[in-house]
Structures are given as structure tokens and as C-alpha cells.
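First the structure, in the form of C-alpha cells, and then the observations on it.
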Amino acid sequence: MIIPAELAFSASDLAQMRFAVSPMWEVGTSFRLLSSGSAHPVHRPWIEQVRPRVAAAGLDRGWLAELIPSSGYVPDFLNPAPAGPAPTLAEELAEILAAPVGRVRQDLDRVGHDQGRLGPRLRTLYAEPQARLVRVVEEIETYWELALAPYWARIRAVLDADVFYRARQVAEQGAGHLFNDLHPSVSWDDNALRLLRRQRALSRKTAGAGLLLLPSAFTGPDPLTRVTPPEPPQLAYPARGVGSLWEPRPVTRTAAVAAVLGRSRTLLLSELETPASTTELARRTGLSPAGVSQYLTALRDAGLVSAHRAGRSVLYARTSVAESVLAASSL
């Protein structure tokens, strides 16, 4: 018989419940998906683009490969509680660097228990947490640039839409309705949140006050939790709309945009449905590499394109501003 973990709520806990969008939750869950080796039905387009880059950079054999196994426990210090609704990656990495030595070693003790032993890198992290966390953070930054930054505008739009939807649920129907609609394994009854598939016990005696809800694009199929008092417990759940995250977005009526930006710049924006390098864009469009580089520089200066280092090349991606402009032109 499965006994759900229960987290009791007082009026104060409900008053402290909040939402946040966390880059580090997306780092951990997306890396786990890549390392699992599976061909995910939803994220397959992203996996096919990103997995070769991650392997070429050696990240599948580095610090993250030991810290984030394909299954099992992930150290809690990698997911500091967001102080605000939308921390930047830099802010979260600063929190990781500031993690107390005791916290790091306690988490690594659990990793070693779950995995049978610590890998060679984690043994050095255990011995010198403050020095080695710098290396961990550097690798996270590299992974972010290769795997998530070029797609962040699209991912963030899905996460923000979920927060808006859930906040409206709370305003119109109450927190109980929100919890009962969050996921089949999550329910609310008698002033308590029940988590059917959590493996460890959960109570207010072992958790901080309130609750931090984090929509995630890569968490799934079940919610994930982090309980590290005195911080509020964190519940990362699959965001609504993830199923259509990588679907092509048709851009059919670009004449109006081309009249402002020019045909070549508009063509490049249309081609950046997925992030691409200058060489790849030149091949697709027939434009010269020099011309593509010049147009991309203009688009980046206008805030329509972002650039991300991927090894020896640079990947360009549409920003949220560009997505909005193209979407408006299709209406």
C-alpha cells in the first residue's frame, strides 16, 4: 500500500506560497534527460540538436555527469531557493558558490549512499568544496550556453504562461483547486498537500514555511521536490504547454516585417526557428557568410537575435521580441 507524503498547511504557510521560474531547475532536469539516453517524444527535436554539442564539449563526462545521474538523488545545493519570482542564472550560481561546506558534504554523503560511492570529481569536491564549486559553476555556465540559452526565450514563455494560468486559478478558485489540478500525483485535502509518489516522508517539522512552486519544461512525468529547512519546500512540476514547446511556428506573412527590416534580415529571422550558426544560415538561405554575419549583427543590436558560444562557433537564436514581431505579422 502506497502512503502519500503529506505536508500540512497553516494560514501562514498558504500566505507564503509563491511561484518562481528557476534556470537551475531547467539545468538539472534537462541534463538528466540528455544523460538518460532516451528519445523523448516531446523533447526529441531539442535532444537531437543539443546532445552532440554537449558530447563534443565533454560535458557528458564532467562534473554534471557525476552530480546529476540519470536517476536518483541530485544534490540539493544545486537548487537554491529562488529569492524572487525569476532569478537569473548568475544569481543562482552565486548562491551555489556560497553554499555552506557542511551543506555540500551532507548532500554528497547522500549521493555516495545512493550510488554506492562518489566518483573521482565528487571526491575532490567533498575534500575542497569552496575551491571545486568554482569548477562546477563554470561547467554549468558552459552547459547553459550550449543547451538552454539559445532556447530560453521559448522555454521561458511556456513557464511564464503556466505561472499566469496558475495564479489566475488561485485568484478565481482558490489554492485547493490549484493543487488538485497541478498533477495527478498531487492533491489537496483537509489543509494538507499530498504527494503520492514522493519516496521520503514529508512534514512541517522537516520542512520550512510556505511552499515554492516551480513550473518546469523538463521535469516529468512526475513532480520533483526539494526540502532543505529553513528554506521553503520546493515543488517542481511539469508546466502546461510543454507538449507544443518544440513544434514549428509557421511564419507566413512576413511582408510587413520585411518592409521594415529588409528581406534578408526577415529571412534570417524566419530561418531561426531553431538556433543556427552563421555558416548554417548561409547554406540554408543562399546568402554569403559575410552578409549573414552583417545582418545578424544588426539584428542582435536591435534586440531581435541573441548570440551564444558553442565551442568554436556561435549559435544565434530569436529573442522573445522577435517571436512577438513575427507572431503579430502572422495575424
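Here, residue 1 is the first one in the sequence, and each next residue gets the next number. From a predicted model like this one, the values you see are computed outputs, not experimental measurements. What you see below is based on every heavy atom in this structure, not just the backbone, and it leaves out hydrogens, waters and symmetry mates.
Remark: E26 CD to L89 CG distance equals 11.5 Å, nearest 0.5 Å. With rounding to the nearest 0.5 angstrom, the NE2 atom of H183 is 10.0 Å from the OG1 atom of T219. Rounded to the nearest 0.5 Å, atoms CG (D60) and OH (Y143) are 11.5 Å apart. Here the straight-line distance linking atom CZ of R32 with atom CG of L34 works out to 12.5 Å at 0.5 Å rounding. Between H113 atom NE2 and L118 atom CG the span is 12.0 Å, to the nearest 0.5 Å. Between atom CD of residue E138 and atom CG of residue L93 there is a gap of 10.5 Å, rounded to the nearest 0.5 Å.
Taken together through direct or relayed side-chain contacts under 4.5 Å among Ile, Leu, Val, Met, Phe, Trp and Tyr, L304 and L267 form parts of separate hydrophobic clusters. Put simply, L202 and L193 are part of the same group of oily side chains (I, L, V, M, F, W, Y) that touch within less than 4.5 Å, one to the next. Residues V136 and V101 do not share a hydrophobic cluster, defined by chaining ILVMFWY side chains whose heavy atoms lie under 4.5 Å apart. When the side chains of ILVMFWY residues are joined at heavy-atom separations under 4.5 Å, either directly or via intervening members, L315 and V50 end up in two distinct hydrophobic clusters. L224 and V27 sit in two unconnected hydrophobic clusters of ILVMFWY residues. Membership requires side-chain heavy atoms under 4.5 Å apart, directly or through other members.
Heavy-atom contacts from other residues, nucleotides or ligands closer than 6.0 Å to NE2 of H40 number more than 12. In this structure, Q130 places its CD atom where only 12 or fewer heavy-atom neighbours from other residues, nucleotides or ligands lie under 6.0 Å away. Applying the 6.0 Å contact sphere to CZ of R168 captures no more than 12 heavy atoms from other residues, nucleotides or ligands. In Y295, the OH atom is not crowded: 12 or fewer heavy atoms of neighbouring residues, nucleotides or ligands sit closer than 6.0 Å.
Of the possible donor and acceptor atoms, one in the side chain of R204 sits under 3.5 Å from a partner among the backbone N and O of A8. Judged by distance alone, with hydrogens and angles left aside, the side-chain atoms of T319 form a donor-acceptor pair with the main-chain N or O of G303 at under 3.5 Å. With hydrogens and angles disregarded, a donor-acceptor distance shorter than 3.5 Å links the side chain of T297 to the backbone of S293. In this structure, the side chain of S288 engages the main chain of G291 through a donor-acceptor pair within 3.5 Å.
Contact of the E273 side chain with the R154 side chain is registered, since non-hydrogen atoms from C-beta on lie closer than 4.5 Å. For the pair L269 and V305, the minimum side-chain heavy-atom distance is below 4.5 Å. Side-chain contact between L245 and Y151 is absent, with no heavy atoms from C-beta onward closer than 4.5 Å. Side-chain contact check for V104 versus P75: every heavy-atom pair is 4.5 Å or farther apart. Contact check for L59 versus L64: no side-chain heavy atoms found under the 4.5 Å cut-off. Using a 4.5 Å heavy-atom threshold, the side chains of W63 and T124 count as touching. Between P233 and L7, some side-chain heavy-atom pair lies under the 4.5 Å cut-off. Between P129 and R103 the shortest side-chain heavy-atom distance does not fall below 4.5 Å.
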Passes side chain to side chain contact (heavy atoms under 4.5 Å, CB included), E66 versus Q115? Steps please. CA-CA 10 Å; E66 291 189 23; Q115 298 183 12; over 6 Å; no
Report the C-alpha distance between L299 and L272 in whole Å, list the side-chain angles of each, state the deciding distance to 0.1 Å, and finish with yes or no for side chain to side chain contact (heavy atoms under 4.5 Å, CB included). CA-CA 12 Å; L299 291 170; L272 285 175; 5.8 Å; no
In sequence, state the C-alpha distance, the side-chain angles, and the governing distance for E141 and R309, and then conclude on salt bridge (charged side-chain N to carboxylate O under 4.0 Å, His left out). CA-CA 11 Å; E141 290 175 324; R309 174 64 60 180; over 6 Å; no
List the steps and the verdict of side chain to side chain contact (heavy atoms under 4.5 Å, CB included) for L133 and F77. CA-CA 10 Å; L133 278 177; F77 68 79; 3.8 Å; yes
For E48 and R44, run side chain to side chain contact (heavy atoms under 4.5 Å, CB included): C-alpha distance rounded to whole Å, both residues' side-chain angles, the deciding distance at 0.1 Å, then the answer. CA-CA 6 Å; E48 290 175 348; R44 185 173 61 181; 3.4 Å; yes
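Here the closest heavy-atom approach between residue A307 and residue V314 is recorded as CB-CG1, 3.7 Å. Closest approach of L212 and A20 over heavy atoms only: CD1-CB, 3.9 Å. When all heavy atoms of S216 and T29 are compared, the closest pair comes out as OG-OG1, 3.7 Å. The shortest heavy-atom contact between G62 and E139 is C-OE2, 3.5 Å. Smallest separation of non-hydrogen atoms from E92 and P82: OE2-CG, 4.0 Å. Closest approach of V42 to V242, counting heavy atoms only: CG1-O, 3.4 Å.
Under the side chain to side chain contact (heavy atoms under 4.5 Å, CB included) test applied with V21, the options D162, V163, L214 reduce to a single match, V163.
Between W46 and H43, the ring planes are perpendicular. Angles over 60° get that label, and only those under 30° would be called parallel. A tilted orientation is assigned to the rings of F9 and F179, their planes being inclined by 30° to 60°. The aromatic rings of W246 and F218 sit tilted relative to each other, their planes meeting at an angle between 30° and 60°.
Salt-bridge formation is detected for the pair R166/D181: a Lys NZ or Arg NE/NH1/NH2 atom is positioned less than 4.0 Å from an Asp or Glu carboxylate oxygen. Using a 4.0 Å cut-off between charged side-chain N and carboxylate O, D109 and R105 make no salt bridge. Salt bridge annotation for R284-E280: present, with a cationic side-chain nitrogen under 4.0 angstrom from a carboxylate oxygen. With respect to E271 and R283, no salt bridge is recorded, no charged nitrogen being found less than 4.0 Å from a carboxylate O.
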